[in-house]
Asks: 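I have a structure here, written as structure tokens, and I will follow up with some questions on it.
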Amino acid sequence: EPEVTQTPSHQVTQMGQEVILRCVPISNHLYFYWYRQILGQKVEFLVSFYNNEISEKSEIFDDQFSVERPDGSNFTLKIRSTKLEDSAMYFCASQTSGIDTQYFGPGTRLTVL
Amino acid sequence: QKEVEQNSGPLSVPEGAIASLNCTYSDRGSQSFFWYRQYSGKSPELIMSIYSNGDKEDGRFTAQLNKASQYVSLLIRDSQPSDSATYLCAVNRSGGTSYGKLTFGQGTILTVHP
């Protein structure tokens with residue numbers, strides 16, 4: 001069964017460093033998302049991406065964040081200058097249409113020291 | 001008012017019992033509704049989706065939707081210890097400026113004890 005994959009599973013970085021989190025969505029899906037979950041808190045929407053551009057972004061998704069689909073398979077989230085409060089699980093999700101089920105990847109645990 | 005609110009839990013039921021999980025949402029424009037299960041340290045895993053008023057059954061799971069009351073529920077029959085997890089209610093507006101963004105509740109922790 002097709003699944004969303006994410007790498008790395010765990011990333012440790014120093015405050016102020018740039019990180020890139022990578023995702024490979026399910027191949028026939030058209031809508032792509034990043035969510036994050038701070039430990040003990042709810043899952044929060046960061047950004048949606050469709051037709052090679054951002055469709056919607058949350059207040060969390062400020063100028064330090066960017067997304068890219070550099071080729072036909074990868075979908076990346078870049079944090080330019082990480083802060084301690086960026087420490088969280090980051091989930092990538094994809095879906096075929098805007099109201100269909102979103103399938104989540106296993107997540108990347110980001111730890112900012 | 002929270003956008004998506006779930007019964008706070010934690011909820012503890014004996015094995016074989018029915019577990020009832022509830023969720024209310026504030027946005028009347030919401031179009032699709034999902035229940036995800038999340039084990040500790042893992043990603044959300046879809047349990048049920050529901051799009052129209054009424055009941056939807058899948059094995060031991062039944063989702064119920066009442067758009068007039070802005071209410072979604074999940075019933076788990078014959079609960080098993082393996083059902084012990086956090087259950088997340090998620091709501092999708094997808095219209096106008098919203099392209100499928102899921103808004104999650106805070107989750108309800110369910111424990112099924114033998």
Side-chain angles (χ1 to χ4, degrees), chain A residues 1-6 9-10 21 23 25-26 29-61 67 88-111, chain B residues 2-10 23-27 29-52 56 58 61 63 65 67 72 85-109:
Chain A
E1 184 175 320
E3 57 184 21
V4 178
T5 59
Q6 289 186 244
S9 57
H10 190 191
L21 310 183
C23 168
I26 295 173
H29 286 187
L30 301 176
Y31 294 78
F32 313 112
Y33 305 85
W34 284 101
Y35 294 86
R36 81 169 186 192
Q37 187 176 32
I38 295 171
L39 187 64
Q41 297 187 23
K42 66 178 181 178
V43 178
E44 300 175 288
F45 167 80
L46 290 178
V47 65
S48 58
F49 192 87
Y50 170 69
N51 202 25
N52 276 323
E53 62 183 20
I54 291 174
S55 307
E56 185 177 2
K57 57 185 180 180
S58 72
E59 291 177 356
I60 302 166
F61 195 89
V67 290
M89 279 287 279
Y90 288 81
F91 297 111
C92 173
S94 69
Q95 69 182 161
T96 51
S97 72
I99 62 169
D100 202 355
T101 298
Q102 290 183 28
Y103 293 92
F104 283 75
T108 294
R109 179 171 298 283
L110 177 65
T111 302
Chain B
K2 292 181 184 174
E3 291 180 279
V4 178
E5 193 154 2
Q6 299 184 233
N7 47 334
S8 55
C23 173
T24 56
Y25 60 94
S26 60
D27 186 351
S30 301
Q31 297 187 21
S32 43
F33 307 86
F34 304 90
W35 284 99
Y36 285 87
R37 177 174 63 198
Q38 187 177 34
Y39 294 112
S40 182
K42 302 295 185 184
S43 62
E45 172 194 9
L46 182 74
I47 298 295
M48 292 281 287
S49 59
I50 188 165
Y51 300 90
S52 53
K56 180 181 177 183
D58 183 1
F61 300 93
L65 173 61
K67 289 186 178 179
V72 196
T86 298
Y87 287 79
L88 309 177
C89 174
V91 173
N92 181 339
R93 181 183 174 94
S94 191
T97 59
S98 183
Y99 284 79
K101 162 191 168 184
L102 283 179
T103 301
F104 283 85
Q106 76 277 23
T108 299
I109 299 171

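Just so it is clear: chains get the letters A, B, ... in the order the sequence lines come, proteins before strands, and each one is counted from 1.
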Asks: With a 4.5 angstrom heavy-atom cut-off, which part of Phe104(A) approaches chain B: side chain, backbone, both or neither?
Replies: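 Both parts, backbone and side chain.
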Asks: Find the distance between NZ (Lys101(B)) and NZ (Lys57(A)) and round it off to the nearest 0.5 Å.
Replies: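 Nearest 0.5 Å value for the NZ-NZ distance: 13.5 Å.
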Asks: For the OG atom of Ser43(B) and the CD atom of Glu3(A), what is their distance to the nearest 0.5 Å?
Replies: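 Ser43(B) OG to Glu3(A) CD: 9.5 Å, rounded to 0.5 Å.
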Asks: Measure the OG-CG distance between Ser32(B) and Asp100(A) for me, rounded to the nearest 0.5 Å.
Replies: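 Here the rounded value is 8.5 Å.
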Asks: Below 4.5 Å, heavy-atom pairs only: which of Ser40(B), Gly107(B), Pro44(B), Ala90(B) has the largest tally toward chain A?
Replies: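 Winner by heavy-atom pair count: Pro44(B).
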Asks: Could you look at Leu102(B) and say if it's the side chain, the backbone, both or neither that has a heavy atom under 4.5 Å from chain A?
Replies: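 The answer is both parts of Leu102(B).
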Asks: Counting only heavy atoms closer than 4.5 Å, note whether Gln37(A) contacts chain B via side chain, backbone, both or neither.
Replies: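 Only the side chain of Gln37(A) comes within 4.5 Å of chain B.
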Asks: Hey, is NZ on Lys67(B) packed in by over 12 heavy atoms from elsewhere, all under 6.0 Å?
Replies: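 Yes, NZ of Lys67(B) has more than 12 neighbouring heavy atoms, counting only those of other groups under 6.0 Å.
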Asks: Between Gln102(A) and Tyr36(B), which heavy-atom pair has the shortest distance, and what is it?
Replies: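 Nearest heavy atoms, Gln102(A) then Tyr36(B): O-OH, 2.7 Å.
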Asks: Please state whether the side chain, the backbone, both or neither of Gln38(B) comes within less than 4.5 Å of a heavy atom of chain A.
Replies: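 Side chain of Gln38(B) only, per the 4.5 Å heavy-atom cut-off to chain A.
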Asks: Using a cut-off of under 4.5 Å on heavy-atom pairs, state which of Phe49(A), Tyr35(A), Tyr103(A) scores highest against chain B.
Replies: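 Top option by heavy-atom pairs under 4.5 Å: Tyr35(A).
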Asks: Any idea which heavy atoms bring Phe104(B) and Lys42(A) closest together, and the distance?
Replies: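 That closest heavy-atom pairing would be O-CD, 3.6 Å.
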